[in-house]
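The next block holds one structure in the form of C-alpha cells; read it before the comments.
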Amino acid sequence: MPELPEVETIVRGLKQTLPGRRILAVRLGKTDFIDDPVQLGELLPGCRIESVTRHGKFIAFALAPTAPAANSDAPVHLFVHLGMTGQLTVRLAADSAPPHTHVRFALDDGRELRYTDIRRFGRIQLVADSEVGAFRDRLGEDPLEISEAEFARRLGARHARVKALLLDQRTLRGIGNIYSDESLWRARIHPARRADLLTRDQLRTLRNAVRSVLQTAIRLRGSSISDYVDAEGNPGSFQLRHRAYQREGKPCARCKAQIRRTIVAGRSSYFCPVCQPPPRAQKRARQRNRGKKRRG
DNA sequence: AGCTCTTCCTGAAAGC
DNA sequence: TGCTTTCAGGAAGAGC
C-alpha cells in the first residue's frame, strides 16, 4: 500500500525525468476511478509537465498548455492517489504494459507515463490552478515537517484513538496502516489509546517515532507488501524492517512476546501486548462514566 | 465528536 | 482437484 515513503520514492523517481516533457496523447482503459475522463483526454495533450510534487499520499503534476491549439490556456494540476494497488511508472512506449494499466500518457521522448491499478481504489482528478490551495487545505500537516508543539496540539486534545488520528489525512497527511503501526510500536503506545490521555512525553516520543520510521522507510525506498513498485518498477525494502505490521504471532523484536492483531479504527492493527499495554485504565474509566450516565 | 458499517475492486488464500 | 468464501484496505458517506 503506497503511503508517504512509497509516494515520496515514486515522486523522486518521476522528478528525474518528467519535468519539461510534453504530453502528446492520452490513452484510457477503465475510467471509473477518474473524475472526468473526457476532460482528461481533451485537456492534457499538448501540456508540458512543469513539476511533480507530493502532498501526503497524492502525487501532483503541474501542467502548462504549450500549443496554441490546446483546448485551454489555463494551467491545471493533475492529482493522482494510488489507493491500495496503484502504480505510476515511466516506460518506453513500445514496451508491453502490464494488465490493469488504465491510463497511458504518451510523452515527447518516446516513453509513456503509465497508471496501473488492479483494484482501482486509486483516484485521478484534474484540479484548476485556482482550486489547488483549497485542495491542499483539506489535508493536515506533513508528518516530516510538523513541529513538536503542533503535533501535540493537533493530537493531544482529541478524544479519538491515537491510531484513528494517525490515519486521518486531515490531521496528518501521508500515514497509512503500515506506518501507523510501525510508529506506535516504536513509541510503545497501544493503537487504541485515546490521544488526549497520552502524556506530553508520549506525544513527543510518538512524533519522533513517526519521523524516524518515515525517514528510514524513504531511505529504503518504501515497503513492498503486494503491489508497490517505484517509478522504475523496482520494489522497496522497508518491509524487511517491519516490527509490528503483519507480524501476528511472531516475536516482538524488543521483548519476544508474540505480536497480536486487533481491529482499531476499522483496520487490522498489530502491536506488542507487553511493550504496548492495552488501555485498561481507559476501559475502566469508560465503564464508570457509563454508570454515571445511567444513574444521572 | 467519534465510532461503526458500507461501498468500491481484484486476487490470494483458506475452507469445503 | 476445483469450486466458493473470505479477507485485505484508503477514503468517503450514512447513520447512530
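Numbers restart at 1 for each chain; the letters A, B, ... are given by sequence-line order, proteins then strands.
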Exercise for the section: Tell me whether the OP1 or OP2 atom of B/dC9 has a side-chain N or O from A/His100 closer than 4.0 Å. Expected result: no
Handout entry: A/Tyr115 ring center near A/Phe33 ring center (under 6.0 Å)
Key = yes
Problem - Separation of atom CD1 in A/Ile263 from atom P in B/dT4, rounded to whole Å - result: 10 Å
Practice task
Would you mind reading off the distance between A/Ile225 atom CD1 and B/dA13 atom P, rounded to a whole angstrom?
Solution key: 13 Å
Practice task
For A/Asp117, answer base if it contacts any base atom (sugar-phosphate contacts may also be present), sugar-phosphate if it contacts only those atoms, and nothing otherwise; contact means non-hydrogen atoms under 4.0 Å.
Solution key: nothing
Handout entry: Nearest-angstrom distance from the residue atom CD of A/Gln87 to P of B/dC9
Key = 19 Å
Run the side-chain donor-acceptor check on residues 123-133 of chain A: report pairs under 3.5 Å with partners two or more places apart or on a different chain.
from, atom 1, to, atom 2, distance (Å)
A/Asp129, OD1, A/His77, NE2, 2.7

Handout entry: Check: A/Glu3 side chain, A/Asn177 main-chain N or O, donor-acceptor pair, under 3.5 Å
Key = yes
Handout entry: Whole angstrom value for the distance that separates C1' of B/dC8 from CD1 of A/Ile34
Key = 15 Å
Practice task
Can you measure from CD1 (A/Ile218) to CG (A/Leu144) and round to the nearest 0.5 angstrom?
Solution key: 5.0 Å
Exercise for the section: Encode nucleotides 9-16 of chain C as B, S and - characters from 5' to 3', where the letter depends on protein heavy atoms closer than 4.0 Å: B to the base, S only to sugar-phosphate, - to neither. Expected result: BBB-----
Practice task
Rounded to the nearest angstrom, tell me the gap between atom NE2 in A/His102 and atom P in B/dC9.
Solution key: 11 Å
Practice task
Quickly work out the A/Asp32 CG to B/dT10 P distance and round it to whole Å.
Solution key: 8 Å
Problem - Evaluation steps, side-chain hydrogen bond (donor to acceptor under 3.5 Å, both in side chains), between A/Asp181 and A/Tyr179 - result: CA-CA 5 Å; A/Asp181 278 9; A/Tyr179 296 101; over 6 Å; no
Problem - For atom CG of A/Asp168 and atom C1' of B/dG2, their distance in whole Å - result: 11 Å
Exercise for the section: Evaluate the side-chain proximity of A/Val26 to A/Pro45: yes if any heavy-atom separation is below 4.5 Å, no if none is. Expected result: yes
Practice task
Return no unless some side-chain N or O of A/Lys30 is found under 4.0 Å from OP1 or OP2 of B/dT10.
Solution key: yes
